[in-house]
Amino acid sequence: MYGGGNVFEAMKATALADEDPKKLAEFEARIDRGEKIEPTDWMPQLYRKQLIRMIEQHAHSEIIGALPEGTWITRAPGFKRKLALMAKVQDEVGHAQLLYAAAETLGKPREQMIDDLISGKSKYSNIFNYPAFTWADSCFISWLVDAGAIVNQLANSKGSYGPYCRALERICAEESFHLKYGHHCVIHLATGTKKQREMMQAAVNRWWAPMMHFFGPSDKISVHSEILMKWKVKMASNDECRQQFLDMYVPKIWELGLTIPDDKLRKNTETGLWEYTEPDWDEFKRVINGDGPCNKERLAVRRIAEERGKWVREALLAPKAKYVTPLA
Amino acid sequence: MNTEALKELIYKMADDLLILGHRNSEWTGMGPLLEEDIAFSSMAQDKVGQSWQLYKILHTLGENDPDTVAFMRNADQFHNAQLCELPNGEYDFSLIRHFLFDTAELLKYQMLANSSYTDLANLAKKVKGEAKYHSMHAKIWIKQLGSATPESIERLQQSLDVALPYALGMFEKSPYEKEIIDEGLFGGEEVLMEAWKAEVEKIISDTKLILPDWSTIAPVYGGRKGVHTKHLQPLLDEMSEVFKVDPTADW
């Protein structure tokens, strides 16, 4: 799961100056024709760099996202929920595996990507810098954060880079089960006992602002990304994704008798667009730059896991190790 | 058929699987590499799923429903071997435990496929395929890490030494051992343990690890009778934290 509207940095006008104009024109013509670019095909350096950046951040978001939900695996109430949540979070780790492999086709090894995550050099979805305080928070994530991710990922699965598109198609199929699971959990809480309803409403109140941040800054203030749209790296703008999410899920949230903590939230029947209180983008910037409630904890957990596993990875690389052929 | 004997047999298996499955799931997001994270999560799902099926059989024998049985008992009412409840520790300990436990689990399912109690025999036939993969996963890693670097060998050796007494505790005999064997419910702990020892010896001999003489290892018993380490109750408290907010609610 991944929002990802926030990942692009400003590009210099000279960024394409060193590229062979003929090859560049052929490359752009292929994309215009809807062809997929494959790992061994020619591509501009800028395309490669931005794709690595985007896919890597997506992969990091999957493994970091496994942490707030993973906390609730050991606390899930009842067999049905326990098994479903285990499978769901396992899927997310599997997505990271797929995505790191897709990014590796562009030339950056997985180990290096994980090092950059731990050092803080590369980012991950901002929403996971917030804590999942209760079971209801984990249900909110499973339903609505995954729903937001699907909006973004479905758009990107129509992009131009073959390995990323194929990974996203598989990921979206799994995410749609997560969404069903999450919705089922939220329905049970929102229509359950008084305590359950309160727990669910409190989770919605806590998570609404991070959810609005999830799609990235408003198009009015975000970095221009025309060339990335042209190259089909970025397929929909932040505001387009946010609007689509609101359109699909706000009615479903209201339907359950839950309220959303934004007095201005309404659909303008004339424009067909949702109006809402502009999220606090200063907070968003602060959190993405490391000063959120859980940034340090998330990276510390990841760093510890890496350090504790170092001897295992070294042992796998030992030249004299007795390599074992899988038995089946 | 001695129902008490049957229930005791199934409770031991179900509790082993639930508690070890729960421990395996604690590796989610924490594995030494993504592939192992995913593997431990898969095994956790299989084990917890198998325990659920076993609690369902117990329900047909008059016990409470599976959620209540799993989420509402205290440590002294659990029959799992202490091996299952020990904290995960580092990957070396989790791997050694996984190897020792799943080697026994596969053999147990193979024996139970012939149980005179049809429900148990059917379940064993169905899930022994899953257990086979768990056992293969453990063996591959033990062979690999047990002969790789000085650090990996030393770590595995230390964990093996710690885990073996607890592993022998898995085979603590039931007060109904004779009835269980006579009625053909299960071939008995002694037969299982001997087969297990032979398999463990075979795999360890293929590595640089040293298996102590069995006679020098004192088994840690008690788990089967509800005597547990200090680690089980906190695990159960965590597991039931949400469920106990309202055990009658539909979650």
Side-chain angles (χ1 to χ4, degrees), chain A residues 63-67 69-83 85-87 89-94 96-97 100 110 114 134-135 185 188-189 191-193 195-196 199 301-302 304-306 308-318 320-328, chain B residues 18 21-22 24-26 28-38 40-42 44-45 48-49 51-52 55 66-67 70-71 90-92 95 132-133 136 139-141 143-149 151-153 155 206-208 235 238-251:
Chain A
I63 48 169
I64 296 289
L67 300 177
E69 281 189 296
T71 311
W72 291 95
I73 290 176
T74 53
R75 296 171 171 83
F79 275 103
K80 208 164 66 177
R81 298 296 187 220
K82 195 174 176 72
L83 283 166
L85 187 57
M86 277 184 198
V89 182
Q90 184 197 29
D91 282 352
E92 308 293 7
V93 181
Q97 190 193 16
Y100 283 125
R110 190 207 281 185
I114 291 179
T134 69
W135 168 247
C185 291
H188 276 72
L189 293 179
T191 60
T193 63
K195 222 176 235 171
Q196 287 177 310
M199 195 189 251
V301 169
R302 206 51 253 165
I304 290 165
E306 281 301 299
R308 285 172 70 193
K310 191 162 173 259
W311 69 272
V312 180
R313 295 189 301 278
E314 281 173 359
L316 290 177
L317 295 171
K320 287 182 186 164
K322 186 176 276 184
Y323 286 102
V324 183
T325 315
L327 302 172
Chain B
L18 175 65
H22 182 99
N24 283 349
S25 79
E26 291 174 351
T28 309
M30 300 296 294
L33 57 168
L34 292 181
E35 287 73 9
E36 275 310 274
D37 211 302
I38 294 166
F40 267 82
S41 180
S42 266
Q45 289 166 60
V48 173
S51 77
W52 194 13
Y55 291 123
D67 278 346
F71 289 80
E90 298 289 327
Y91 181 73
D92 44 54
L95 176 63
K132 186 177 143 197
Y133 279 99
M136 276 180 356
K139 286 178 193 170
I140 286 169
W141 277 92
K143 285 188 186 178
Q144 184 101 9
L145 297 184
S147 56
T149 62
E151 184 181 4
S152 72
I153 296 164
R155 277 174 173 271
D206 218 6
T207 66
K208 291 185 179 159
L235 179 154
E238 183 174 318
M239 188 167 85
S240 58
E241 185 186 303
V242 180
F243 191 83
K244 282 182 179 166
V245 168
D246 186 350
T248 61
D250 194 359
W251 290 95

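Every chain is numbered from 1 and lettered A, B, ... according to where its sequence line falls, protein lines coming before strand lines.
- If you measure heavy-atom distances from B:E238 to chain A, the contacts under 4.5 Å come from both the backbone and the side chain.
- Ranked by heavy-atom pairs shorter than 4.5 Å toward chain A, the options B:E35, B:K244, B:E151, B:M30 are led by B:E35.
- For A:Q90 and B:S42, the side-chain atoms include at least one donor-acceptor pair closer than 3.5 Å.
- Only the side chain of A:K82 comes within contact range of chain B, with at least one heavy atom under 4.5 Å from a heavy atom of that chain.
- Residues B:A148 and A:A315 come closest through the heavy atom pair CB-O, 3.4 Å.
- Per-residue heavy-atom pair counts under 4.5 Å with chain B were compared for A:R302, A:M86, A:Q97, and the maximum is reached by A:M86.
- Considering OG of B:S41 and CG of A:D91, their distance stands at 8.5 Å, rounded to 0.5 Å.
- Atom CG of B:D246 and atom CE of A:M199 lie 10.0 Å apart (nearest 0.5 Å).
- In this structure, B:G29 and A:A305 approach most closely via the heavy-atom pair O-CB, 4.4 Å.
- Of the residues considered (B:L18, B:L235, B:T248, B:T149), B:T149 shows the highest number of contacts with chain A, using heavy-atom pairs under 4.5 Å.
- Interface remark: A:R75 contributes backbone and side-chain atoms alike to the contact with chain B (heavy atom separation under 4.5 Å).
- Atom CH2 of B:W251 sits about 6.5 Å away from atom OG1 of A:T193, to the nearest 0.5 Å.
- For chain B, the nearby parts of A:T74 are the backbone and the side chain; heavy atoms of each come within less than 4.5 Å.
- With a 4.5 angstrom heavy-atom cutoff, A:R313 touches chain B only via side-chain atoms.
- If you measure heavy-atom distances from B:I153 to chain A, you find no contacts under 4.5 Å at all.
- Between B:R155 and A:E314 there is no salt bridge, since none of the side-chain N atoms of the basic residue sits less than 4.0 Å from a carboxylate O of the acidic one.
- A distance of 9.0 Å separates CG of B:L33 from CD of A:E306, quoted to the nearest 0.5 Å.
- Between B:V242 and A:R81 the shortest side-chain heavy-atom distance does not fall below 4.5 Å.
- Classification of the A:W311-B:Y91 ring pair by plane angle, with boundaries at 30° and 60°, yields tilted.
- Distance check, rounded to the nearest 0.5 Å: CG of B:L34 to CD1 of A:I114 gives 5.5 Å.
- Heavy atoms closer than 4.5 Å to chain A are found nowhere in B:F40, neither backbone nor side chain.
- The main-chain N or O of B:D250 is found under 3.5 Å from a side-chain atom of A:Q196 such that the two form a donor-acceptor pair.
- The environment of A:K195 atom NZ is sparse: at most 12 non-hydrogen atoms of other residues, nucleotides or ligands sit within 6.0 angstrom.
- Atom CZ in A:F79 sits 10.0 Å away from atom CZ in B:F243 (nearest 0.5 Å).
- Two residues are said to be in side-chain contact when any heavy atoms from C-beta on lie closer than 4.5 Å; B:D37 and A:I63 fail this criterion.
- In this structure, the side chains of B:E36 and A:V312 stay at 4.5 Å or more apart for every pair of heavy atoms.
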